[in-house]
Amino acid sequence: MRRILNFGSMNIDNVYTVEHFVRPGETISSLEMEVFPGGKGLNQTVALARAGAEVYHAGKIGKDGRFLLDLLRSAGADISFVETINGYTGKAIIQVEAESGQNCILLYNGANYQMTELFIDEVLGSFSADTILVLQNEINLVEYIIDRASAKGMQIALNPSPIRENLSKCDLSKITWLLLNEIEGKALTGETEPEKIAGALLAKYPDMKVVLTLGGDGVYYCDQNESFRYGVYQTEVVDTTAAGDTFAGYFLACSARGMSPQMAVEEASRASALAISKQGAAVSIPVRIEVLHADLKLRSECVE
Ligand code: RIB
């Protein structure tokens with residue numbers, strides 16, 4: 001199995017359970033408030049580690065975020081490339097709607113935006129071409145990391161979330177796996193239909209493997225050799241936070257293990273179904289043994 005370096009964000013998630021998302025000018029009381037480890041980077045590292053990958057996390061936190069390291073360590077990730085700086089750890093205010101389990105997220109970037117070219121060069125200097133690099137878009141200098149890692153010959157997986165201006169500076173021809181949702185797909189291609197989003201990406205980047213998550217409609221996978229849809233598993237939706245991160249981590253761990261796209265999508269879909277049945281981000285991500293043995297059924301309207 002190839003080893004994985006995830007250069008990514010780490011956040012302290014303040015999760016408010018609400019009857020409905022707060023509206024402009026409105027003040028409401030939440031039903032509950034809990035603090036969890038989060039950040040798309042941290043969540044994906046936890047998912048990679050719980051999926052059995054050898055994963056190294058690189059990034060930055062403030063002193064207030066040291067408890068995030070405990071979770072990464074206990075999940076089995078290597079944290080020797082995490083730097084603690086003066087200043088605050090990234091934060092997220094997350095509203096979770098009690099009935100639907102849907103969320104909306106407000107970020108404070110904090111230490112996640114303190115990456116420097118020197119730090120990036122030092123981290124990448126410890127890895128060789130056979131390491132897979134995983135990136136999201138919650139840290140600064142993503143475009144620089146892509147260029148430097150590609151120059152070393154590393155294969156790169158990018159989850160371009162959240163969508164920001166900087167993506168126009170990222171050379172997507174250097175990306176092997178692009179994992180995105182429909183909203184991100186529309187922002188990158190102008191298309192709304194899954195097949196058209198993937199088609200537009202492959203027309204520009206023929207070697208890319210596009211993994212498009214479609215929420216309740218499952219997943220669409222497409223590369224130059226194959227394309228398929230995969231459904232979603234029946235589960236109780238408690239909190240959808242980190243469902244996409246769980247999927248990404250599991251899919252990439254399976255790919256690093258040499259599994260086919262179809263098998264990787266199946267395992268990743270099972271893992272994210274289990275994640276959304278629990279509250280919280282990283283803490284809701286299951287370990288591989290649970291994923292392999294859970295009694296899950298595809299929703300009938302999704303069975304191909
Ligand atoms: O993808 C979920 C994550 O997005 C949360 O953990 C939050 O920190 C934000 O980064």
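As the structure lists them, so they are numbered: ligands from 1, and atoms in each ligand from 1.
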Residue pair Tyr16 / Asn14, side-chain donor-acceptor N/O under 3.5 Å: no
Salt bridge present between Lys174 and Glu143 (N-O < 4.0 angstrom): no
Ligand 1 atoms in contact with Ala92 (distance to a heavy atom under 4.0 Å): 7 (C), 8 (O)
Nearest neighbour in protein (non-hydrogen) for atom 2 (C) of ligand 1: Asp245 OD2, 3.3 Å
Heavy atom of the protein closest to atom 5 (C) of ligand 1 (residue, atom name, distance): Asp13 OD2, 3.4 Å
Heavy-atom nearest neighbour in the protein, as seen from atom 3 (C) of ligand 1, with distance rounded to 0.1 Å: Asn43 ND2, 3.6 Å
Element-labelled atoms of ligand 1 that are located less than 4.0 Å from some non-hydrogen atom of Glu138: 4 (O), 9 (C), 10 (O)
Close approach, Gly244 and ligand 1, non-hydrogen under 4.0 angstrom: no
Aromatic contact, Phe127 with Phe7 (centres under 6.0 Å): no
Subset of ligand 1 atoms that lie under 4.0 Å from at least one heavy atom of Gly38: 6 (O), 8 (O)
Donor on one side chain, acceptor on other, Asn11 and Lys40, under 3.5 Å: no
N-O pairing of Lys91 and Asp64 below 4.0 Å: yes
Polar atom proximity, Ala242 to ligand 1 (N or O, under 3.5 Å): no
Shortest protein contact, atom 4 (O) of ligand 1 (heavy atom only): Lys40 NZ, 3.0 Å
Residue Ala281 vicinity, atoms of ligand 1 by number, heavy atom under 4.0 Å: 6 (O)
Ile105: numbered ligand 1 atoms lying under 4.0 Å from its heavy atoms: 4 (O)
Inter-residue atom distance Asp147.CG - Lys169.NZ, 0.5 Å rounding: 11.0 Å
Sidechain N-carboxylate O distance under 4.0 Å for Glu290, Arg50: no
Under-4.0 Å salt bridge between Lys196 and Glu193: no
Leu42 contact mode with ligand 1 (heavy-atom cut-off under 4.0 Å): neither
